[in-house]
Every structure is written in structure tokens, then in C-alpha cells.
Q: 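Below you'll find the structure I mean.
Atom set for the values below is all heavy atoms of this structure, side chains included, hydrogens, waters and symmetry mates excluded. Here the structure is a predicted model, which is why all the values come from computation and not from measurement.
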Protein chains: 2
Amino acid sequence: MPQLPTTFAALGNATRLAIVERLLAEGELSAGALQVDKITPPAMSRHFKVLREAGILVQRVDAQRRLYSVKPEAVQEIGEWVLNFREFWTGSLDRLDAALKAEK
Amino acid sequence: MPQLPTTFAALGNATRLAIVERLLAEGELSAGALQVDKITPPAMSRHFKVLREAGILVQRVDAQRRLYSVKPEAVQEIGEWVLNFREFWTGSLDRLDAALKAEK
DNA sequence: TTGTTAATTAACATAGAAGATAATTAATTG
DNA sequence: CAATTAATTATCTTCTATGTTAATTAACAA
């Protein structure tokens with residue numbers, strides 16, 4: 001997957017990771033709702049673009065609002081990468097693998 | 001964990017991700033063994049440094065050689081992050097959570 | 001239509017990432 | 001000791017990331 005480095009890079013910024021975590025915890029939110037004092041709206045807008053282009057966020061338009069949410073596949077992609085190397089960090093996690101496969 | 005963005009950033013580079021994947025698949029390897037034609041030794045050396053400082057690799061010295069291997073905790077950290085949001089990508093993965101907890 | 005709200009795009013500044021070549025350090029071997 | 005091997009550090013260059021302010025686009029409301 002040549003997607004993975006891009007996914008990791010997109011999450012490799014504290015502001016963007018915080019955006020993703022809020023969306024994962026609270027569900028769909030508008031750009032404005034995700035706004036934080038520390039960073040200006042244009043800067044936020046660029047972060048959204050990076051996350052969208054990495055395939056991590058989807059945008060939905062509602063009047064002037066832009067509503068963002070996380071694409072489950074993005075999180076899943078990371079989960080699968082970790083599981084690919086599960087033997088490395090014990091083997092007691094083999095059940096996870098089964099669970100993941102059952103879900104497909 | 002303020003570690004996570006750093007971890008993701010370190011893996012957000014194709015060369016570094018390839019290094020980590022080789023080490024996960026093949027185990028401990030020397031800097032020389034990880035060398036690829038595309039990139040010069042000094043550039044590789046800097047990548048090792050980034051990965052070390054992110055807490056993803058450990059270095060072991062053997063004569064002139066530097067032997068690298070992956071710290072399991074780094075991979076685990078990512079796995080736990082994914083599991084924290086497991087509800088998001090179904091719920092059929094609750095068993096994973098149990099497995100992870102049992103391991104601690 | 002005019003003003004307000006929501007977000008993005010434009011243009012610019014600056015810091016950091018990533019690469020190259022050359023030089024250096026350190027350990028091993030002849 | 002001199003030469004070789006292994007890897008890193010020094011220096012420099014270039015490109016990209018990230019942030020700012022100002023301007024623009026678009027939808028809604030009075």
C-alpha cells in the first residue's frame with residue numbers, strides 16, 4: 001500500500017491528529033466547530049485539505065458549511081498494518097486477526 | 001500521548017516506513033544491510049536518527065556496526081490508538097480490546 | 001440589494017525536511 | 001602503523017510544510 005506513508009504523514013501533525021480524534025469521538029463536525037483559537041481559519045482549511053487528499057476525511061456540503069467526518073477505511077488501514085506484524089508484539093493478539101477478517 | 005504525532009510523522013516517509021517494515025519482517029539488521037541504492041548512507045543515517053528519536057528504533061553497537069531493531073511499544077502504541085476508536089469501525093472488534101488488555 | 005456568516009483561495013514569509021558530497025570518527029585487518 | 005570498512009557528522013542546497021494577513025466566493029437573512 002503506497003497509501004500508508006501518506007496516511008501516516010497526514011496524522012504526523014498535532015493539529016491534524018487532534019482534528020481526526022475529535023471527529024472520531026464526536027462524529028461529523030463543521031469546519032467552524034473544529035476551529036481552535038491557536039490556529040487561523042485559513043490554516044485549518046489547509047489541514048482539512050491535507051486530510052481529505054490523504055483519504056482520511058470526507059467533506060459534505062450543507063449551505064455555507066463544510067461538514068467533515070473520518071473515513072473508517074483510513075483507520076482500518078492502519079489497524080491492518082499493525083496486525084500484519086502482530087507476531088512481533090506477541091501472538092496473543094491472533095484473535096484480533098480473526099476478528100478483523102470476520103468483518104470484511 | 002503527545003508521542004503519537006511524532007510516531008506518525010516518523011512513519012510518514014516512504015523510506016523510513018520501508019526501514020521499519022524490513023526490520024519488523026526480518027528482525028535486527030545493520031545500517032549497511034538496510035542500505036538501498038536509491039539513497040546515500042548519510043541520508044539513511046539521518047533516517048535512523050529520526051526513527052530513534054521518535055522511539056521507534058533501538059540501536060545496538062557491534063564493533064563498527066550499528067544494529068537496529070524495532071521497539072515493540074511503538075507498534076503497540078499505534079495499535080492501541082486504533083483500538084481506542086474501535087466503536088467507530090464497527091464493534092465486532094471488541095474482542096480485540098479484551099486481547100489487548102489481557103496482554104498488559 | 002445589502003450585510004452577515006462560513007469557509008476557502010491568494011500571496012507571502014520562514015522554518016524544517018531531505019538529499020548530496022566531503023570530511024571525520026572509530027574499529028578491524030594486513 | 002597503514003589501509004580498509006562501517007557509519008556518522010558537517011556543510012550546503014533545494015523543496016515543502018505551516019502559518020499569517022488580505023481578498024474572494026458562496027449562501028443566507030433583513
Side-chain angles (χ1 to χ4, degrees), chain A residues 2-23 26-71 74 78, chain B residues 2-23 26-71 74 78:
Chain A
Q3 278 294 86
L4 253 190
T6 304
T7 301
F8 282 137
L11 298 176
N13 169 283
T15 301
R16 284 193 298 265
L17 184 59
I19 290 170
V20 170
E21 289 183 339
R22 265 201 77 193
L23 290 172
E26 304 179 32
E28 190 181 58
L29 288 172
S30 68
L34 286 160
Q35 188 60 40
V36 285
D37 264 15
K38 213 170 90 176
I39 288 163
T40 59
M44 288 297 282
S45 193
R46 305 191 100 202
H47 283 306
F48 294 136
K49 193 181 179 190
V50 171
L51 289 166
R52 252 168 18 228
E53 290 179 349
I56 297 172
L57 297 191
V58 273
Q59 189 191 62
R60 195 167 70 83
V61 175
D62 171 43
Q64 315 110 304
R65 294 220 172 82
R66 301 291 180 275
L67 300 169
Y68 291 105
S69 53
V70 176
K71 289 175 77 172
I78 297 171
Chain B
Q3 278 294 86
L4 253 192
T6 305
T7 300
F8 282 138
L11 298 176
N13 170 281
T15 301
R16 285 195 296 265
L17 184 59
I19 289 170
V20 170
E21 289 183 339
R22 264 200 78 193
L23 290 172
E26 304 179 32
E28 190 181 57
L29 289 173
S30 68
L34 286 160
Q35 188 60 40
V36 286
D37 264 16
K38 213 169 92 177
I39 289 161
T40 60
M44 289 297 282
S45 191
R46 302 189 107 217
H47 284 307
F48 294 136
K49 193 182 181 190
V50 170
L51 289 166
R52 251 167 19 227
E53 290 179 349
I56 296 173
L57 298 191
V58 272
Q59 188 190 63
R60 196 166 68 83
V61 176
D62 170 43
Q64 314 111 306
R65 294 219 171 81
R66 301 293 180 275
L67 300 168
Y68 291 105
S69 53
V70 177
K71 288 175 79 172
I78 297 171

Q: Write down the atom of A:Pro5, the atom of B:Asn13, and the distance for their closest heavy-atom approach.
A: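 Shortest heavy-atom contact: CB-C, 4.4 Å.
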
Q: Using whole Å, report how far CZ of A:Phe48 lies from P of D:dA17.
A: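 My rounded result for the distance is 18 Å.
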
Q: Expressed in angstrom and rounded to an integer, what is the separation of A:Met44 atom CE from C:dT9 atom P?
A: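 Value for this atom pair: 15 Å.
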
Q: Under 3.5 Å, which protein N or O atoms sit close to an N or O of nucleotides 21-28 of chain C? Give each pair with its distance.
A:
unit_1, atom_1, unit_2, atom_2, d
C:dT28, O4', B:Gln64, NE2, 3.4

Q: If I take atom CG in residue A:Leu51 and atom C1' in nucleotide D:dT18, what distance separates them, rounded to the nearest angstrom?
A: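 Distance check: A:Leu51 CG to D:dT18 C1' gives 14 Å.
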
Q: Which heavy atom in A:Leu4 sits nearest to a heavy atom in B:Glu21, and how many Å separate them?
A: CD1-OE2, 4.5 Å

Q: What integer distance in Å separates B:Leu34:CG from D:dA7:P?
A: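 Whole-Å distance recorded here is 9 Å.
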
Q: For each nucleotide in nucleotides 11-18 of chain C, reading 5' to 3', give B when a protein heavy atom comes within less than 4.0 Å of its base, S when such contact involves only the sugar-phosphate, and - otherwise.
A: -------B

Q: Whole angstrom is fine here: how far is it from CD in B:Gln35 over to C1' in D:dA7?
A: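 Result: 10 Å.
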
Q: Figure out the CG/P separation between A:Leu29 and C:dA7, and round it to whole Å.
A: 11 Å

Q: Taking all non-hydrogen atoms of both residues into account, name the closest pair between B:Thr15 and B:His47 and its distance.
A: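 So the two residues come closest at CG2-CD2, 3.8 Å.
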
Q: Can you check whether A:Ala14's main-chain N or O pairs, donor with acceptor, with A:Arg16's side chain at less than 3.5 Å?
A: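 No, the answer is negative, given that no donor and acceptor are paired below the 3.5 Å cut-off.
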
Q: Go through the steps for B:Leu57 and B:Val70 under the test side-chain contact (heavy atoms from CB on, under 4.5 Å), then give the verdict.
A: CA-CA 5 Å; B:Leu57 298 191; B:Val70 177; 3.9 Å; yes

Q: D:dA7 P sits how many Å from B:Ile39 CD1, rounded?
A: 16 Å

Q: Pick base, sugar-phosphate or nothing for A:Gln59, based on heavy-atom distances below 4.0 Å to the nucleic acid.
A: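 Sugar-phosphate contact only.
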
Q: Do you know which of B:Arg22, B:Arg60, B:Arg52, B:Glu28 makes side-chain hydrogen bond (donor to acceptor under 3.5 Å, both in side chains) with B:Tyr68?
A: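 Output: one option passes, namely B:Arg52.
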
Q: Between atom CZ in A:Arg65 and atom P in C:dT4, what is the gap in whole Å?
A: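 Rounded to whole Å, this separation is 18 Å.
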
Q: Using every non-hydrogen atom in the two residues, find where A:Leu11 and A:Leu17 come nearest and quote the distance to one decimal.
A: O-CB, 3.7 Å

Q: Identify the heavy atoms of A:Thr7 and A:Ala54 that sit nearest to each other, and give their distance.
A: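 So the two residues come closest at OG1-O, 4.2 Å.
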
Q: Please give me the minimum heavy-atom distance between B:Gly55 and B:Ala74, naming the atom from each residue.
A: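 It is O-CB, 3.8 Å.
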
